[in-house]
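Structure, as C-alpha cells:
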Protein chains: 2
Amino acid sequence: MLRVSRSAPYHHGNLAETLERAALALLETHTAAALSLREVARQAGVSHNAPYHHFGDRQGLLKRVAERAMAELLAAQQRAAEAAQLPRERLLAVGAAYVEHALAHPNAFAVIFDPDVCEPGHPTEAMAVSIRANEDLLTDAVAAFRPESSAEQTSLFGAALWGAVHGLATLATAGHLPREALRPALDALLPRD
Amino acid sequence: MLRVSRSAPYHHGNLAETLERAALALLETHTAAALSLREVARQAGVSHNAPYHHFGDRQGLLKRVAERAMAELLAAQQRAAEAAQLPRERLLAVGAAYVEHALAHPNAFAVIFDPDVCEPGHPTEAMAVSIRANEDLLTDAVAAFRPESSAEQTSLFGAALWGAVHGLATLATAGHLPREALRPALDALLPRD
DNA sequence: CCCAATATCTTGACGGTGTCCACCATGGCG
DNA sequence: CGCCATGGTGGACACCGTCAAGATATTGGG
C-alpha cells in the first residue's frame with residue numbers, strides 16, 4: 001500500500017535494526033549506564049514501549065548491541081591480520097587493532113564484556129560465535145609466531161596475550177595508561193626471535 | 001550526653017563509615033549498577049537523603065568505595081609479595097593475588113576501574129596514592145626479576161604485566177576464561193631462568 | 001551557663017527510568 | 001472479505017537520584 005501522507009507509517013518496518021543502530025550511536029557519546037531504553041526509542045521516533053516487542057527488555061537490547069560491537073572488534077583484528085606479513089608483526093598488529101578499536105569506541109567495548117549484559121557462562125549464540133572466531137584468530141597468530149610450541153602451550157600463551165591486550169585496553173580507557181605506552185608494552189611482552 | 005532510650009539517636013555518629021561499609025557489603029552480592037543510594041541508606045537505617053550530607057551524590061559514595069576496594073586489592077598483593085622468596089615466584093604470587101582478589105570480589109573490583117566512578121585523568125587523592133603504591137610494588141617485583149633491564153624497559157614490562165593480570169582478571173570475571181587457566185597463563189608470560 | 005551557629009538528619013517533591021497492562025492499527029492468510 | 005497474529009500506543013506503577021525546606025542535636029563563644 002502506497003503511503004501518500006507524510007506522517008510516519010504506523011509500522012516502522014525495520015525497527016529492531018534502527019533501535020540497535022541508535023543505541024550504538026548513543027554509545028559513541030554516552031556510557032552504557034546512561035543509555036536508556038526510552039532515549040533509544042525517542043531517537044527512533046517511536047513510543048517508549050515499542051522496543052519491548054523486539055528485545056523483551058533493556059538487557060535484550062544491550063545483548064544485541066554487544067553482539068554488533070563484538071563483530072566490529074573482530075573485523076578490526078581481521079583487517080589488521082591480513083595486512084601484516086611476518087608472524088611477530090601480525091601478532092602485534094592484531095593486538096594493536098584490539099586496543100585501538102577499544103579506545104576508539106570505549107563504551108561499546110565495555111558493553112561486550114559487561115557481566116550485567118551477558119551474565120558469565122550464558123553467552124548469546126552470535127556472541128559465542130564471534131568470541132570463538134576471535135580466539136581462533138589469536139591462536140593461529142600465536143601458532144605462526146611460535147610454531148614449535150605444543151597445542152597446550154599455544155593455547156595458554158594465547159589466553160595470556162588476550163588478557164594482556166584486553167587489560168591494556170581496559171586500563172587505557174580508564175586513564176591508567178597513556179596511549180603511547182600500549183604498543184611498546186605489548187612489544188615488550190613478545191620475545192624477540 | 002548519655003542516651004538512655006533504646007531508640008536510635010538522631011545523629012548517627014559515624015554514618016559515612018557505616019554507609020561505605022554497607023555499600024561494600026552490597027557489592028558482595030550485587031553489581032554496582034544495581035547499587036542504589038536509597039538501598040544503602042536503608043541498610044544503615046537512615047533516611048534516603050542522609051548520604052548526601054557525606055558524599056554529595058552517588059558518584060561521591062562510589063568514589064569512596066572504590067578507594068577502599070583499591071586499598072584492599074593493594075593489601076592482598078602486599079601480603080603475597082612478602083610471603084614469596086624468589087623474584088620470579090614473587091612476581092607470580094603478586095599477579096595471582098591480584099587475580100584472585102578480583103575474582104573473590106568482582107563487583108568491588110569493577111568499581112575501582114569504572115570510568116563512570118572515577119573519570120579518566122581525575123583520580124581521588126587516596127586513589128592516586130594506592131595506584132602509585134601498586135605500581136611501585138609491581139615495578140620493584142619486575143626489577144628484582146630482571147635486574148639487568150633499563151628503568152624504561154622495567155617500567156614498560158611492568159605496564160604490560162599489569163595489563164595482563166588486569167585483563168585476565170576481567171575476562172575471568174566475565175566468564176571468558178576458566179579459573180584454572182589463569183595462573184598457568186600468567187606463568188607462560190614470564191620467561192624462565 | 002546559655003544561646004546561636006552549624007552540622008546532621010528528615011520529610012516531601014519532581015522528573016526520569018524500566019516494566020507491566022490493556023488497547024489499537026495493519027497486513028497477510030484463510 | 002473477515003480474522004488475527006504482529007507490532008505499535010498510552011497509561012500506570014514502583015523505584016531511583018536529586019533538590020529544597022524544615023527539624024534536631026552539637027558545639028563554641030559570650
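Below, chains carry the letters A, B, ... as their sequence lines are ordered, and counting in each starts from 1.
- Sequence neighbours left out, the pairs with a member in residues 111-135 of chain A that pass ring-ring contact (aromatic ring centres under 6.0 Å, His included) are Phe109(A)-Phe113(A), Phe113(A)-His166(A), Phe113(A)-His176(B).
- Interface remark: the His48(A) side chain does not form any donor-acceptor pair with the dG8(D) base, using a distance-only criterion of under 3.5 Å.
- At the heavy-atom level, Arg58(B) lies under 4.0 Å from the strands shown only through sugar-phosphate atoms.
- By the 4.5 Å side-chain criterion applied to Ile, Leu, Val, Met, Phe, Trp and Tyr, Leu27(A) is assigned to a cluster that also includes Leu15(A), Leu19(A), Leu24(A), Leu26(A), Leu35(A), Leu37(A), Val40(A), Val46(A), Tyr52(A), Phe55(A), Leu61(A), Leu62(A), Val65(A), Val111(A), Val117(A).
- Going from atom CG of Leu37(B) over to atom C1' of dG17(D) covers 7 Å, rounded to whole Å.
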Contact list (N/O, under 3.5 angstrom) for nucleotides 21-23 of chain C vs protein:
residue: dC21(C); atom: N4; partner: Asn49(A); partner atom: ND2; Å: 3.4

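- Neither OP1 nor OP2 of dG15(C) sits under 4.0 Å from any side-chain N or O of Arg38(A).
- Side-chain atoms of Leu182(A) and Glu100(A), non-hydrogen and from C-beta on, never get closer than 4.5 Å to each other.
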Do any side-chain atoms of residues 139-159 of chain B form donor-acceptor pairs under 3.5 angstrom with protein atoms, and if so which ones, sequence neighbours left out?
residue: Thr139(B); atom: OG1; partner: Glu135(B); partner atom: O; Å: 2.8
residue: Ser150(B); atom: OG; partner: Gln153(B); partner atom: N; Å: 3.0
residue: Thr154(B); atom: OG1; partner: Ser150(B); partner atom: O; Å: 2.9

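- Contact annotation for Ser47(B): base contact, defined as any heavy-atom pair under 4.0 Å involving a base atom.
- Between Gln59(B) atom CD and dT18(D) atom C1' the separation is 14 Å, expressed in whole Å.
- Between Asn14(B) atom CG and dA7(C) atom C1' there is a gap of 15 Å when expressed in whole angstrom units.
- The nearest whole Å value for the distance from the CD atom in Glu39(A) to the P atom in dG18(C) is 10 Å.
- For the pair Leu15(B) CG and dT26(D) C1', the interatomic distance rounds to 16 Å; values are reported in whole Å.
- A donor-acceptor contact closer than 3.5 angstrom is absent between the side chains of Glu82(B) and Gln78(B).
- For the atom pair CG of Leu91(A) and CG of Leu189(A), the computed distance is 10.0 Å after rounding to the nearest 0.5 Å.
- Residues Asp187(A) and Arg88(A) form a side-chain contact, since some pair of their non-hydrogen atoms from C-beta on lies under 4.5 Å apart.
- For Pro178(B), the side-chain contact (heavy atoms from CB on, under 4.5 Å) partners at least two apart in sequence or on another chain are Glu180(B), Ala181(B).
- Residues Ile112(A) and Leu137(A) are members of separate hydrophobic clusters, defined by side-chain heavy-atom contacts under 4.5 angstrom among Ile, Leu, Val, Met, Phe, Trp and Tyr.
- Here dT19(C) presents its C1' atom at 15 Å from CG of Leu61(A), a figure rounded to the nearest Å.
- For DNA chain C, none of the residues of residues 22-34 of chain B falls under the heavy-atom distance limit of 4.0 Å.
- The CZ-P distance, from Phe55(B) to dT18(D), rounds to 13 Å in whole Å.
- Within the nucleic acid shown, His54(A) comes within 4.0 Å of sugar-phosphate atoms alone, with no base atom in reach, counting heavy atoms only.
- Going from atom OH of Tyr52(B) over to atom P of dT11(C) covers 16 Å, rounded to whole Å.
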